[in-house]
Amino acid sequence: MHFSNPIRSRRMTYDITLRTLLLAILACIFNVHGLSVPGPPSTPSPPSQTPITPPTLNPPSPTKVPHIIFLSADTGGGHRASALSLNASLTAHHLSTPFTSEIVNIWPGGAWPYRDLVEAYVHLSRHPRQWKFLYHLSNTTPYLAWMNADTVLRNIKRIRKMSCWTEADIIVSVHPTMTNIPQIVSRKPFYTVITDLGSCHATWFSRRCSRMFVASDKLYNKARKRGWVRTEKLVRSGLPIRPVFGEEGERMGGRYSEQGVKYRKEKKEKLGLEGDSVLFMGGGEGVGMEEYVWGVKRQMEAEGVKSQIVVVCGRNKDLHERLSNSTPPPPKRNILKRILRRPKVECEPEKGGSVEIIPLEFIDNPQEYMVACDVLVTKAGPGTIAEAASLGIPLMLTSFLPGQESGNVDIVLEASFGNFSTSVPEVSELVTNLMRDGGLRAEMSRNGEKIGDARAGERIAEVIWEDYWKGRTGRDFGKRRRWFREAWRRMRGLEDDS
């Protein structure tokens with residue numbers, strides 16, 4: 001009599017199940033674009049001539065008033081400025097329809113440390129070494145995986161209850177910390193606009209977005225290699241700036257042309273400026289400019305240059321007060337220098353020139369000051385560089401945030417429409433030479449106008465409105481590709497065919 005072995009039969013059953021599962025996985029991997037798992041021989045059939053059915057579209061009603069939300073935070077002035085420029089471009093575009101919009105920050109009221117995002121940015125922007133450490137630490141794959149999981153687990157319940165997701169018809173993110181969770185809680189069309197120019201953080205590259213707009217080829221390649229974003233989602237649009245910069249550039253023409261010189265003279269009279277002038281902009285926080293202001297003032301006075309220095313202080317009220325009272329900053333000396341050396345007293349140079357300092361708080365017409373002034377001294381913020389290039393004003397970069405803004409310096413230097421230095425004496429000398437050499441300023445201005453692009457907002461607005469009128473949603477942009485299949489193709493060295 002033959003008795004069956006229950007353990008052996010169970011193992012055979014498991015073995016068959018695993019083989020079936022393995023074949024199914026292999027079929028999912030290779031059964032695309034001519035790759036298939038070998039099967040039993042059969043009579044070949046002619047290829048089907050039936051066209052592929054396009055995704056189902058749901059065009060909106062012409063009477064519907066769409067609501068657009070811009071996800072942003074006041075970590076510097078660039079993100080809000082990009083949101084406002086996109087709003088203006090969406091309004092002015094010929095495909096536009098009346099719509100409502102709002103800027104939303106999802107982090108206030110959230111878990112720590114996300115709720116203190118703005119305060120942390122202010123602190124880190126004043127301490128570049130701390131910024132550099134945290135930036136490069138958080139720009140690693142393990143940290144990103146942990147951060148995405150942590151933000152979802154600790155914040156998603158509160159964020160899901162926000163009313164903006166049900167009211168919104170289009171979602172546009174201009175902030176890197178607001179690309180992951182919003183794409184999870186909402187199924188609405190989601191657009192990521194990267195507001196960096198030459199380099200950016202990996203938190204921008206969330207692959208669930210409908211489209212991703214990048215400003216340069218460097219960011220396009222990084223989105224492909226680091227973020228694995230599909231090519232049909234990527235759009236080389238340029239960095240969006242407010243349409244008023246493009247309008248000022250068209251009215252001015254060439255900065256040093258006959259029309260441009262006449263137009264700039266009118267702007268100087270309107271703003272109360274006389275002769276040549278230097279414009280200092282320190283971002284929304286107005287940090288890192290004070291030493292350079294006084295250094296440039298002393299250098300120009302020593303060399304007999306008559307000029308004006310316009311300083312945009314932003315939120316820095318202490319800087320505005322000190323400049324208004326003509327009070328130089330106290331000398332910075334660490335403890336070791338105080339012990340080993342006596343405090344160094346800087347002697348005022350013999351005044352052969354006359355330089356007036358004009359401090360300003362927040363201004364709503366920076367384009368007019370960029371037209372009127374002759375040299376712009378600023379940090380390497382992407383928005384400021386793009387705006388300066390569109391108007392052809394020569395740049396003097398004094399600092400950058402390590403990692404995030406380092407690529408912006410390369411763009412300026414490669415285009416030869418600006419200089420970079422962190423040394424106060426060197427910056428003072430370079431700015432003074434620019435103020436004395438009109439031919440050099442004209443050459444740098446022409447180089448800046450070559451790379452200036454004020455139409456990026458129009459391109460982004462056109463893509464968004466075309467998708468809206470065609471009724472596309474976030475799920476309609478090409479086939480969904482599984483992560484392990486794309487990883488397998490990259491391991492084999494094959495170019496992504498999406």
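Atoms considered below: every heavy atom in the structure, side chains included; atoms not considered: hydrogens, waters and symmetry mates.
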Distance-only, no hydrogens or angles: does the Asn87 side chain make a donor-acceptor pair with backbone N or O of Ala83 under 3.5 Å?
-> no
N-O pairing of Arg459 and Glu462 below 4.0 Å = no
Could you tell me whether a side-chain N or O of Ser101 sits under 3.5 Å from a main-chain N or O of Ile69, the two making a donor and an acceptor?
-> no
If you look at every heavy atom in Pro402 and Lys132, which pair is closest and at what distance?
-> CB-CB, 3.6 Å
Measure the spacing between CG of Asp453 and CD1 of Ile241 and express it to the nearest 0.5 Å.
-> 7.5 Å
Is the side chain of His127 donor-acceptor paired with the backbone N or O of His123 at a distance under 3.5 Å, no angle test?
-> yes
Under 3.5 Å donor-acceptor, Asn408 side chain and Gly381 backbone = no
Does the side chain of Phe245 come within less than 4.5 Å of Pro366's, by heavy atoms?
-> yes
Donor-acceptor pair, side chain of Ser445 and main chain of Gly392, under 3.5 angstrom | yes
Does the side chain of Tyr256 pick up a donor-acceptor pair with the side chain of Arg264 at under 3.5 Å?
-> no
Do the side chains of Thr100 and Ile68 get nearer than 4.5 Å, heavy atoms only?
-> no
So, Lys233 side chain and Arg207 main chain: donor-acceptor pair closer than 3.5 Å or not?
-> yes
After noting the C-alpha distance and the side-chain angles of Gln299 and Ser428, does the key distance pass the side-chain hydrogen bond (donor to acceptor under 3.5 Å, both in side chains) rule?
-> CA-CA 6 Å; Gln299 185 74 21; Ser428 303; 5.5 Å; no
Taking the six-membered ring where the residue is Trp, are the ring centres of Trp131 and Phe400 under 6.0 Å apart?
-> no
Atom CZ of Arg455 with >12 non-hydrogen neighbours under 6.0 angstrom = no
With no hydrogens and no angle check, is any side-chain donor or acceptor of Ser89 less than 3.5 Å from a backbone partner on Leu86?
-> no
At their closest point, which heavy atom of Thr179 faces which heavy atom of Ser173, and how far apart are they?
-> CG2-OG, 3.7 Å
Passing candidate, side-chain contact (heavy atoms from CB on, under 4.5 Å) with Gln308, options Val278, Ile358, Asp276, Leu279 = Ile358
In this structure, OH of Tyr263 is separated from CD of Gln259 (nearest 0.5 Å) by 9.5 Å
Would you check, one step at a time, whether the test side chain to side chain contact (heavy atoms under 4.5 Å, CB included) holds for Val312 with Phe280?
-> CA-CA 6 Å; Val312 181; Phe280 280 80; over 6 Å; no
Taking only residues two or more places apart in sequence, or in another chain, which ones meet Asp217 in a side chain to side chain donor-acceptor pair (under 3.5 Å)?
-> Arg236
Working for side chain to side chain contact (heavy atoms under 4.5 Å, CB included), residues Ile460 and Ile464 | CA-CA 6 Å; Ile460 297 174; Ile464 292 177; 3.8 Å; yes
Contact check, side chains of Phe205 and Ile194, non-hydrogen atoms, under 4.5 Å | yes
Should Ile393 and Asp374 count as side-chain neighbours, where that means a heavy-atom distance under 4.5 Å?
-> no
Is Arg446 salt-bridged to Glu443, going by a charged N under 4.0 Å from an acidic O?
-> no
Working to the nearest 0.5 Å, report the span between CG of Leu219 and CE of Met212.
-> 10.5 Å
Does the ring center of His67 lie less than 6.0 Å from the ring center of Phe99?
-> no
Heavy-atom closest contact (Lys379 atom, Gly282 atom, distance) = CE-O, 4.4 Å
Point-to-point distance, once rounded to the nearest 0.5 Å, from OG of Ser216 to CG of Asp410 | 11.0 Å
Is a donor on one side and an acceptor on the other found under 3.5 Å between the side chain of Lys218 and the backbone of Gly407?
-> no
Are Val261 and Ser257 side-chain neighbours, meaning at least one heavy-atom pair lies under 4.5 Å?
-> no
What are the two closest heavy atoms between Gln367 and Glu248, and how far apart are they?
-> CG-CG, 3.5 Å
How are the rings of His79 and Trp204 set relative to one another: parallel (under 30°), tilted (30 to 60°) or perpendicular (over 60°)?
-> tilted
List the steps, then state whether side chain to side chain contact (heavy atoms under 4.5 Å, CB included) holds for Leu434 with Thr432.
-> CA-CA 5 Å; Leu434 277 174; Thr432 303; over 6 Å; no
How far does CD of Glu414 sit from CD1 of Ile411, to the nearest 0.5 angstrom?
-> 7.5 Å
Does some side-chain heavy atom of Tyr143 sit less than 4.5 Å from a side-chain heavy atom of Thr203?
-> no
Taking the six-membered ring of Phe70 (Phe, Tyr or Trp), confirm whether the NZ or CZ of Arg80 is under 6.0 Å from its centre and within 45° of its axis.
-> no
For residues Leu397 and Asn419, determine if any side-chain heavy atom of one lies less than 4.5 Å from a side-chain heavy atom of the other.
-> no
Between Glu274 and Lys268, is the closest basic N to carboxylate O distance under 4.0 Å?
-> no
Just jot down the ring pair (Phe, Tyr, Trp, His ring centres under 6.0 Å) partners of Trp107, sequence neighbours excluded, or say none.
-> Tyr114
Identify whether the distance between the nearest side-chain nitrogen and carboxylate oxygen of Glu449 and Arg255 falls below 4.0 Å.
-> no
Could you tell me whether the side chains of Asn180 and Arg208 share a donor-acceptor contact shorter than 3.5 Å?
-> yes
Beyond-backbone contact of Pro394 with Leu376, side-chain heavy atoms, under 4.5 angstrom = no
All heavy atoms of Asp169 vs all of Pro189, minimum pair found to be O-CD, 3.4 Å
Give a yes or no on whether the backbone of Ile159 and the side-chain of Trp165 come within a donor-acceptor separation of less than 3.5 Å.
-> yes
Any donor-acceptor pair under 3.5 Å from Tyr292 side chain to Thr422 backbone = yes
Should Lys317 and Glu361 count as an ion pair when the cut-off is N to O under 4.0 Å?
-> no
Check ion pair Arg211-Asp467 (N to O, under 4.0 angstrom) | yes
Do Tyr121 and Asp74 get their side chains close enough for a donor-acceptor pair, meaning under 3.5 Å?
-> no
Taken to the nearest 0.5 Å, the spacing of Leu319 CG from Cys313 SG works out to 4.0 Å
Derivation of the side chain to side chain contact (heavy atoms under 4.5 Å, CB included) call for Ser186 and Ile171 | CA-CA 9 Å; Ser186 176; Ile171 304 173; 3.4 Å; yes
Non-hydrogen atoms of Val409 and Ala380 that approach each other most closely = CG2-CB, 3.8 Å
Any chance CD of Glu321 has more than 12 other-residue heavy atoms, nucleotides or ligands included, within less than 6.0 Å?
-> no
Looking at Lys297 and Glu301, does any basic side-chain N land under 4.0 Å from a carboxylate oxygen?
-> yes
